[in-house]
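A quick write-up on the structure given underneath.
Note: hydrogens, waters and symmetry copies are ignored here, and every other heavy atom, side chains too, is used.
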Amino acid sequence: MDLENQARIKSFCEQYGNEDFIVVLGGGEAEASGLAAETVSTGDPTFAGPLAGVSLGLKAYHMFELKDEVDAAVYEEQIAMMEMVLEMDAIIEEVKNYRG
């Protein structure tokens with residue numbers, strides 16, 4: 001997760017609190033998605049960004065996990081093709097690791 005997005009998320013949590021806040025990820029690789037989930041949950045593990053040492057405790061979900069929560073036509077148009085080319089199950093499992 002880039003430094004600008006870390007700063008944005010941290011600012012939102014400071015402004016609105018983190019009780020009802022989730023992060024929706026869309027990364028194409030399990031490792032990168034897991035790293036982003038870890039960053040918003042327990043802090044930036046690379047200790048390079050605004051969330052270094054900052055545990056926001058946020059829950060992250062990959063867009064694949066929210067398929068049933070969005071309009072089916074929008075999902076089909078914007079995301080469905082990625083299910084065929086990405087390792088969807090591996091991405092979901094990696095992100096889930098940081099919610100448990």
Side-chain angles (χ1 to χ4, degrees):
M1 175 176 293
D2 69 32
L3 304 183
E4 186 176 322
N5 283 335
Q6 285 189 37
R8 237 183 250 145
I9 290 169
K10 183 178 179 186
S11 175
F12 286 147
C13 285
E14 290 169 351
Q15 186 174 358
Y16 301 109
N18 59 355
E19 296 79 26
D20 297 320
F21 189 27
I22 66 165
V23 175
V24 178
L25 304 171
E29 296 178 345
E31 187 176 337
S33 296
L35 184 61
E38 181 179 11
T39 298
V40 299
S41 175
T42 61
D44 184 353
T46 67
F47 295 100
L51 294 179
V54 178
S55 177
L56 295 176
L58 298 176
K59 294 185 184 218
Y61 295 85
H62 194 277
M63 193 61 223
F64 291 147
E65 296 178 87
L66 303 175
K67 180 178 184 174
D68 295 334
E69 306 300 322
V70 297
D71 181 275
V74 173
Y75 189 91
E76 182 66 31
E77 180 183 325
Q78 300 293 324
I79 301 163
M81 180 175 275
M82 299 314 294
E83 289 183 357
M84 295 184 282
V85 298
L86 298 178
E87 295 181 30
M88 189 172 91
D89 293 336
I91 292 169
I92 290 171
E93 280 305 309
E94 184 68 24
V95 172
K96 277 184 179 181
N97 287 331
Y98 297 98
R99 288 198 311 263

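- For CD of Glu4, the number of neighbouring non-hydrogen atoms (other residues, nucleotides, ligands) closer than 6.0 Å is 12 at most.
- Partner of Met88 under the side-chain contact (heavy atoms from CB on, under 4.5 Å) criterion, chosen from Met82, Lys67, Glu83: Glu83.
- Residues Ile9 and Leu35 do not share a hydrophobic cluster, defined by chaining ILVMFWY side chains whose heavy atoms lie under 4.5 Å apart.
- If you take CD1 on Ile92 and CE on Met63, they are separated by 11.0 Å, rounding to the nearest 0.5 Å.
- The side chain to side chain contact (heavy atoms under 4.5 Å, CB included) test applied to Ala36 returns Met1, Leu25, not counting sequence neighbours.
- By the side chain to side chain donor-acceptor pair (under 3.5 Å) test, Thr42 is found to be paired with no residue, residues two or more places apart in sequence or in another chain being considered.
- Contacts classified as ring-ring contact (aromatic ring centres under 6.0 Å, His included) and involving residues 11-31 (residues at least two apart or in different chains) are not found.
- For Arg99, the side chain to side chain donor-acceptor pair (under 3.5 Å) criterion is met by Glu65, not counting sequence neighbours.
- With hydrogens and angles disregarded, no donor-acceptor distance shorter than 3.5 Å links the side chain of Ser11 to the backbone of Ala7.
- Under a hydrophobic clustering in which Ile, Leu, Val, Met, Phe, Trp and Tyr are joined whenever their side-chain heavy atoms come within less than 4.5 Å, directly or via other members, Leu66 and Tyr98 fall into different clusters.
- Under a hydrophobic-cluster definition in which Ile, Leu, Val, Met, Phe, Trp and Tyr are linked whenever side-chain heavy atoms come within less than 4.5 Å, directly or via other members, Leu3 and Phe47 are assigned to different clusters.
- Atom CG of Asp89 and atom CZ of Phe64 lie 9.5 Å apart (nearest 0.5 Å).
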Could you go through residues 53-61 and list every donor-acceptor pair under 3.5 Å that involves a side-chain atom there, pairing it with any protein atom two or more places apart or in another chain?
from  : atom 1 : to    : atom 2 : distance (Å)
Ser55 : OG     : Ser41 : O      : 3.2

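- Applying the side chain to side chain contact (heavy atoms under 4.5 Å, CB included) rule to Glu14 yields the partners Lys10; only residues at least two apart in sequence or on another chain are considered.
- For the residue pair Glu38 and Pro45, the shortest heavy atom distance occurs at OE1-CG, 3.6 Å.
- The hydrophobic clustering, which links ILVMFWY residues whose side-chain heavy atoms are closer than 4.5 Å, places Ile22 and Ile91 together.
- The two residues Gly34 and Glu94 come nearest to each other via the heavy atoms CA-CG, 3.5 Å.
- Formation of a donor-acceptor pair under 3.5 Å by the Gln6 side chain with backbone atoms of Leu51 is found in this model.
- Residue Thr39 holds its OG1 atom at 10.5 Å from CG of Asp2, rounded to the nearest 0.5 Å.
- No chain of hydrophobic side-chain contacts below 4.5 Å, direct or via other Ile, Leu, Val, Met, Phe, Trp or Tyr residues, connects Met84 to Val74.
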